[in-house]
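Before any comments, here is the structure.
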Amino acid sequence: MNQVIYGKETEIREIMAALIAGGHILLEDIPGVGKTTLAIAFSKAIRLEYKRVQFTPDVFPSDLTGFSIYQREKEAFVYQPGTVFCNLLLADELNRTSPKTQSALLEVMEEQKVTVEGITRSVPLPFIVIATQNPFGNAGTQMLPEAQIDRFMVSLSIGYPDYESELEMAKDNGGKQRLACVEPVMNGETLLHIQREVREVYICETVYRYILDLVRATRENPQIEQGGGPRATLALVSMSRAQAWLNGRTYVTPNDVMDQYAYIIRHRIRLSPSAKMDHETKETIIRRLLASVKKPLAGECTK
């Protein structure tokens, strides 16, 4: 991955952690910084069936979930699976389509199932959505429903590359040739096995309470109009386990929780009008929350 996307080791590692935690990823940034390239590179590096949808206003919910058409030779309606029937769905510029189409992903993102015409069908496992969106307010964008935003385990921004990385990109014509040469290093069976291992990573009672205190702090802060819900707590548990696993440990430390907190919380909180008037940012408030909640000390972990 680092051979395709230059200078973004932290972001690549975060996406890898979300994949092994079994979560969906939301990439939020301005156009042209490599969001789509990053998603395509991951789909190539993992030997999974993947599909890509370029979202526009004329994409319909049935394009995602599927529909039935009448076949004269069979004298019956036959179901045609939609694009969600894959292992890795690249939802490119998700916020450029209508809210109705965006909502078509709610069930499959949460339950890995699709209900069409009263019949529920399961999608292949593993099932992961990597979605990209442009900042709200750009021409043609639609704000994602809060229920859908909450279903993304993490959100992150790619950002501009540093000087040396952008220089290498210029010399390599954007890395298109390297993208085409990405070889798969993992398959679906391996990924499912790793996900099971991640779920077995140990978390002590004290760290569980630390996770809950951090999430509940977002609900009690006067600068936050809407804080993180229980799904944020579960996501922080899963991502802390994934980071511990990537670091070669079988247990979670408070530092794992701190490192993942911003990725979990940023897209789930809504600032109050007073915070916006004071030109506060989510990043600043998240740093204050981390500083305000007591971090467990070494040796305080209990069974």
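Between the side chain of S292 and the backbone N or O of R288, at least one donor-acceptor pair lies under 3.5 Å. With D63 contributing its side chain and F60 its backbone, the two residues share a donor-acceptor pair below 3.5 Å. Checking side-chain atoms of S68 against main-chain N and O of F77 turns up no donor-acceptor pair under 3.5 Å. When atom types are taken as modelled, the side chain of S238 and the backbone of A21 share no donor-acceptor pair closer than 3.5 angstrom. Checking side-chain atoms of T132 against main-chain N and O of E93 turns up a donor-acceptor pair under 3.5 Å. The backbone N or O of T115 sits less than 3.5 Å from a side-chain atom of E107, completing a donor-acceptor pair. Judged by distance alone, the side chain of N247 and the main-chain N or O of A244 form no donor-acceptor pair under 3.5 Å. In this structure a side-chain-to-backbone donor-acceptor pair under 3.5 Å is present from N221 to Q223. With hydrogens and angles ignored, the 3.5 Å screen pairs no side-chain donor or acceptor of R231 with any backbone N or O of R151. Looking at R47, its side chain never comes within 3.5 Å of a backbone N or O of E183 through a donor-acceptor pair.
The environment of Q3 atom CD is sparse: at most 12 non-hydrogen atoms of other residues, nucleotides or ligands sit within 6.0 angstrom.
A cation-pi arrangement is present between R121 and Y79 under the rule of less than 6.0 angstrom and at most 45 degrees off the ring axis.
When side chains are defined from C-beta on, F42 counts as touching I12, because their heavy atoms get closer than 4.5 Å.
There is a side-chain donor-acceptor pair under 3.5 Å between E14 and Q260. Defined by atom type and a distance below 3.5 Å, a donor-acceptor pair is present between the side-chain atoms of T56 and D58. Checking E197 against H193 by side-chain atom types alone, a donor-acceptor pair falls below 3.5 Å.
Summarising the geometry, atom CD1 belonging to I128 is positioned 6.0 Å from atom CD1 belonging to I25; distances are rounded to the nearest 0.5 Å. To the nearest 0.5 Å, atom CD of residue Q54 and atom CG of residue L90 are 10.5 Å apart.
For the pair L48 and N187, the tightest heavy-atom approach, listed with the atom from each and the gap, is CD2-C, 4.2 Å.
Under 4.0 Å is where a charged nitrogen must lie from a carboxylate oxygen, and between E205 and R209 at least one such pair does.
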